[in-house]
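Structure, as structure tokens:
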Amino acid sequence: MRLRFAPSPTGQLHVGNARTALFNWLLARGSGGTFILRIEDTDVERSSRESEAAIIRDLRWLGLDWDEGPDASGAHGPYRQSERLHLYQSYAKELLGAEHAYYCFCTTAQLDAERQDAVASGRPARYAGTCRRLSRDQAAARIIAGERPAIRFRVPQEHDVVFADAVRGDVRFQADVIGDPIIVRADGAPAYNFAVVVDDALMEITHVIRGEDHISNTPRQILLYEALGFTPPTFAHLSLVMGPDHSPLSKRHGATSVAEFRSKGYLPEALVNYLALIGWSPRDAGGGRAGGDDDELMPVDELARRFSLDRVGHSAGVFDEEKLAWANRHYLKIADSARLAELALPYFNVAGVRMTPDEDGIAFLAFAMSMARASVDRLNQVPARLALLFDYSAEATLRDPAVREEMRGDGARAVVTALAEELASAPRLDRERFRAVANQVKARTGQKAKALFHPIRLVLTGRAEGPELDLAVPAIDRGADLPASAGIPPILGCRERAQAFAEALKQ
RNA sequence: GUCCCCAUCGUCCAGAGGCCUAGGACGUGGCCCUUUCAAGGCCAAAACGCGGGUUCGAAUCCCGCUGGGGACGCCA
């Protein structure tokens, strides 16, 4: 099997396109086939190298690698349409010679008027065929006279076109609603319908998985394959991804590009897993009547192993960021800590916590990550969850009316005092030592459960809520001992925090 | 307007004539756990668009309607 993803480099990689790329990749990888990246940049106006680079970066980020492509070489290159112009030219000439194509001199204004007319009178809005009957001589004369014609494909009117879509089954079009498409523009550039056919044929693509918006292009393309003497590939049209209001997913629904989801702090494996679930489900999803085994979350290699086109659904899917977040939480929990620490770095800087950690610094962050990874949806929430490390002020905490109220109680005050005293002579805390200290405070004050731990939380973290103290306390004290060279902002230790809090409380 | 595609809980899916009192997941609500917020565990509410057929029997097949989406570019 040879499959391809063929984006036009005219902007960011949209999640809908990413899903199309993913389905192609999944089928290629799951079948031991070949995955090809081809850049469709025949529209010089809109295409840019920046977009191409961005798309390549995003595909790589998602982990969708290709065997042949503009940067990878391969036996069927080049893989950029702008570098294949000579091929289109030669096939266009062939079509012209065989009378399968003809020159069209119609102007855009003329075409627009005809189209409006057709719609107004209830006829199909397709090319009227004005230049179809022009003789070679007539055409040649007009070209010599300086006119710049486009080239149109002569759609045979005899037969209907039927193709077996791998996800939908037979799709039938009446030939007489298919207008003659432009295959080469007046400026000599090939048009989409022509370039894809030439490329897919020459690159020996066996399966074309693409969006449903291409379904009505398919009959013209099949006719072009036939006129060129090529065998059409198997087509599979995917339904589109919609926004919550069932309109096409767009910026007004929020994030739509892969780059945006990355910068919000989603993990690539989460996006990939979630995207695979829109319009596809693993064979025993839901466990049928047996119920139970939740097997929607799976690593990408398993996705590839289990993917098949006959499990792809027919109806459009709504992009649900809540479910994406759920997948992300899952992958956050099982991801490697050091990797997470590295990935979280940019978010700290955005949050105003400047840091340039060295190896020790990363190791520390990885350790601290344990108190964020299980309680956060996205990486961009990590700094807030870890703010208690870098941002501590007993005075600020005590300015909170609710805290003042809590500290009016004798029990809470006793806990604060006892904690400060216990800590005054204690070494840095790890989990066990913290528990021992907590027990001491409990013994000395008689406070327990919430009445014991909540004041401790206030004192040590400066906050009424946050990660488990078992996790937060060791992280704070480990951070307090970090040398400046670690590149982590200074962290006030538990001992110092308790001292400061007790002092501040006396005021 | 013409052509094409689609139609099960709010959302994503399972369901390929009797296994359906329609199953799972996300989300939502409740309860439990608990050292706070989360997380986690358990429970619950929640759907076959409508109308005709076919059949002993239809979510499943056929037709129509309605609804949604797509295409009709010298964009891809």
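Computed over heavy atoms, backbone and side chain alike; hydrogens, waters and symmetry mates excluded. Letters A, B, ... mirror the listed sequences (proteins, then strands); counts begin at 1. In this text, all values refer to a predicted model and were calculated from it rather than measured experimentally.
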- prompt: Is the cationic atom of A:Arg457 (NZ for Lys, CZ for Arg) positioned less than 6.0 Å from the six-membered ring centroid of A:Phe453 and within 45 degrees of its normal?
  reply: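 No, A:Arg457 does not sit over the ring of A:Phe453.
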Check this one for me: any side-chain N or O of [X] less than 4.0 Å away from OP1 or OP2 of [N]?
{"X": "A:Arg123", "N": "B:G1", "result": "no"}
{"X": "A:Ser315", "N": "B:C5", "result": "no"}
{"X": "A:Arg311", "N": "B:G15", "result": "yes"}

Side chain of A:Asn217, base of B:A71: donor and acceptor closer than 3.5 Å?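 Absent.
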Please give the distance between the C1' atoms of B:G40 and B:A47 as a whole number of Å.
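Straight-line distance between the two C1' atoms is 29 Å.
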> So which of residues 375-385 of chain A are in contact with RNA chain B, with a heavy-atom cut-off of under 4.0 Å?
Replying inline: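 Nucleic-acid contacts, sorted: A:Ser375, A:Arg385.
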Which is more 5' along RNA chain B, the nucleotide nearest A:Gly317 or the one nearest A:Arg46? Just name the residue.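 By nearest-heavy-atom nucleotide position, the 5'-most residue is A:Gly317.
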Worksheet item: 5'-most contact on RNA chain B: A:Leu324 or A:Val167, nearest heavy atom basis?
Response: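 Here A:Val167 is the residue nearer the 5' end.
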>> Any side-chain to backbone donor/acceptor pair from A:Asp180 onto A:Arg154? Under 3.5 Å, distance only.
In response: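 Answer holds: no.
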| What residue among A:Tyr331, A:Phe319, A:Phe261, A:Tyr266 forms ring pair (Phe, Tyr, Trp, His ring centres under 6.0 Å) with A:Tyr274? |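 Looking at A:Tyr331, A:Phe319, A:Phe261, A:Tyr266, the match for A:Tyr274 under the ring pair (Phe, Tyr, Trp, His ring centres under 6.0 Å) is A:Phe319.
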- Report the base-pairing partner of B:C26 (Watson-Crick or G-U wobble, both distances below 3.5 angstrom), or none.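 Base partner found: B:G10.
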| Is it true that the side chains of A:Asn193 and A:Gln221 contain a donor and an acceptor less than 3.5 Å apart? |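 The criterion, which ignores hydrogens and geometry beyond distance, is satisfied for A:Gln221 and A:Asn193.
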Problem - Atom pair CD1 (A:Ile209) and CG (A:Leu27), whose distance is rounded to the nearest 0.5 Å - result: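 The CG atom of A:Leu27 is 5.0 Å from CD1 of A:Ile209, to the nearest 0.5 Å.
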